[in-house]
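Bear in mind that the values here come from a model prediction, so they are computed numbers and not experimental data.
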Amino acid sequence: MNATHTRTPGPGPGGGEGRKRIVVAGATGAVGSRAVRLLASGHEVSALTRDPDRAARAGLPGRIVGVDNDDRPGLVRACAGADALFLITSDPMRLSHDENLLAAARTAGVRHVVKLSALAVTDPLATDGMTRRQRECEELVRSAGMDWTLLRPRSFMSNALGWAPGILRDGVVRAPYGSSRNACVDSLDVAAAAATVLAAPGHHGRAYALTGPEAVSVREQTEQLASVLDRPLRFVELTLDEARAGWGRRYPEPVVQALAESAARQEAGAKLGVTDEVERLTSRPARTFGQWARSHAAEFRRPVKP
């Protein structure tokens with residue numbers, strides 16, 4: 001599909017000589033949609049998505065391009081005339097999507113690619129399938145013949161939205177390894193970092209580790225959500241087998257195995273490290289989980305559907 005909906009970006013910072021033409025692949029996701037909104041006030045943004053109608057309903061600004069990541073000619077047309085590509089792939093287990101996007105960008109003359117990767121790639125003990133594939137994707141980016149920047153976030157705070165059904169139903173958060181800590185990051189902070197490195201010079205050949213300001217456990221997140229929602233919440237720790245069964249209802253087995261290995265590494269303390277790179281890139285401190293929870297409280301207060 002190659003349907004295109006076009007809106008004219010409004011005036012904003014970054015116009016004039018600093019104005020760039022930027023393609024965002026994966027533009028309807030948590031990071032991509034926010035990056036599009038941040039960039040559109042000062043740059044010409046093309047938002048790539050498999051579902052242009054969904055993007056239009058969400059009110060994404062800029063030029064909305066419906067294209068599949070397997071459609072290399074369509075991707076070349078979508079990247080034509082662009083200065084930079086923000087590369088987000090919806091399926092981290094499929095290397096071909098990154099291959100197609102990078103080949104299309106190179107063919108179209110794109111000069112700079114920013115890849116959304118994962119901080120786990122820096123951990124030599126992270127050998128799960130998703131992390132191995134992310135390392136392969138990073139190598140594709142580095143060898144693609146364009147200037148590159150890598151963004152490596154820790155897991156997103158928005159993963160907590162997966163607890164909303166249990167909170168709405170019976171006031172319970174269920175997860176394995178409840179006391180293990182993760183320096184999770186707000187996807188809005190990741191999008192703001194992406195907007196900086198896409199629009200400003202000086203980031204070529206750099207890799208940035210993006211974390212929140214502190215490492216928090218699921219038990220602590222449950223307590224903070226209870227405070228924000230002003231209602232009691234209870235944490236129930238799942239066994240790894242129980243967690244795998246739940247993941248298996250949503251994901252294929254290779255992803256379930258990767259999630260299980262990742263959770264075990266977190267239990268071993270692999271995700272405690274905190275960096276200041278969000279603040280260095282965005283000129284403001286990374287948001288805490290409590291701040292994230294306050295801004296998403298409505299997601300945990302919706303009535304239960306019959």
Side-chain angles (χ1 to χ4, degrees), residues 1-16 18-92 94 96-117 137 141 146 149 151 153 156 158 161 186-200 296 299:
M1 61 184 158
N2 294 294
T4 302
H5 303 258
T6 304
R7 296 183 183 84
T8 302
R19 194 172 183 85
K20 291 186 176 181
R21 290 166 293 182
I22 300 171
V23 172
V24 178
T28 55
V31 174
S33 61
R34 287 169 169 84
V36 168
R37 296 182 191 282
L38 290 170
L39 288 163
S41 64
H43 303 277
E44 297 176 27
V45 180
S46 294
L48 272 55
T49 174
R50 290 174 296 177
D51 190 349
D53 291 335
R54 174 188 171 193
R57 289 193 302 270
L60 277 188
R63 174 174 171 254
I64 299 172
V65 182
V67 64
D68 193 278
N69 287 337
D70 290 320
D71 178 10
R72 192 174 292 192
L75 294 171
V76 173
R77 292 191 293 272
C79 291
D83 300 300
L85 167 68
F86 186 23
L87 177 52
I88 309 172
T89 46
S90 58
D91 185 352
R94 292 191 63 179
S96 62
H97 285 178
D98 279 22
E99 290 173 333
N100 289 337
L101 281 157
L102 289 167
R106 184 172 57 247
T107 299
V110 173
R111 296 190 297 271
H112 181 205
V113 58
V114 176
K115 167 64 179 171
L116 184 65
S117 182
C137 290
V141 170
M146 294 171 283
T149 308
L151 299 180
F156 296 141
S158 55
L161 292 173
D186 191 332
S187 58
L188 181 58
D189 286 335
V190 178
T196 295
V197 301
L198 285 159
H296 290 270
E299 302 288 334

Can you tell if the side chain of Leu116 reaches within under 4.5 Å of the side chain of Pro153, non-hydrogen atoms only?
yes
Which heavy atom of Ala200 sits nearest a heavy atom of Lys20, and at what distance?
N-NZ, 4.4 Å
Looking at Val23 and Ala82, what are the two nearest heavy atoms and their distance?
CG2-CB, 3.6 Å
If we ignore hydrogens and angles and just use 3.5 Å, is the side chain of Ser41 paired with the main-chain N or O of Arg37 as donor and acceptor?
no
Could you state the interatomic distance from OG (Ser158) to NE2 (His296), rounded to the nearest 0.5 Å?
7.0 Å
Rounded to the nearest 0.5 angstrom, the CG-CZ distance for Leu60 and Arg57 is 11.5 Å
Using 0.5 Å steps for rounding, measure from the CG atom of Asp98 to the NZ atom of Lys115.
3.5 Å
Using the side chain to side chain contact (heavy atoms under 4.5 Å, CB included) rule, pick out the option among Val67, Asp68, Asn69 that qualifies with Leu48.
Val67
Would you say the side-chain atoms of His97 pair up with the backbone N or O of Thr89, donor to acceptor, closer than 3.5 Å?
no
Taking Asp83 for the side chain and Arg21 for the main chain, is one N or O donor matched with an acceptor at less than 3.5 Å?
yes
Is there side-chain contact between Phe86 and Val31, with at least one heavy-atom pair below 4.5 Å?
yes
Evaluate the criterion side-chain contact (heavy atoms from CB on, under 4.5 Å) for residue pair Asn100 and Asp70; output intermediate values, then yes/no.
CA-CA 7 Å; Asn100 289 337; Asp70 290 320; 3.9 Å; yes
Here the pair of heavy atoms bringing Ala30 nearest to Ser33 is O-OG, 3.7 Å
Just one of Leu151, Val114, Val141 clears the side chain to side chain contact (heavy atoms under 4.5 Å, CB included) bar with Leu87, so which one?
Val141
Among Val190, Asp186, Leu161, whose side chain to side chain contact (heavy atoms under 4.5 Å, CB included) with Phe156 holds?
Val190
So, for Ala47 and Val36, which heavy atoms are closest and what is the spacing to 0.1 Å?
CB-CG2, 4.1 Å
Quick check: do Met146 and His112 have side-chain heavy atoms less than 4.5 Å from each other?
no
Nearest 0.5 Å, please: how far is SG in Cys137 from CG in Leu101?
10.5 Å
Where is the tightest heavy-atom contact between Ala55 and Thr49, given as atom of each residue plus distance?
CB-CG2, 4.0 Å
Any side-chain heavy-atom pair of Asp51 and Thr28 under 4.5 Å
no
Using 0.5 Å steps for rounding, measure from the CZ atom of Arg72 to the OG atom of Ser96.
9.0 Å
OG/Ser46 to CZ/Arg77 distance, rounded to the nearest 0.5 angstrom?
13.5 Å
With a 4.5 Å cut-off on side-chain heavy atoms, are Leu39 and Leu198 touching?
yes
Taking all atoms of both residues into account, what is the closest heavy-atom pair of His43 and Ala199, and its distance?
NE2-CB, 3.4 Å
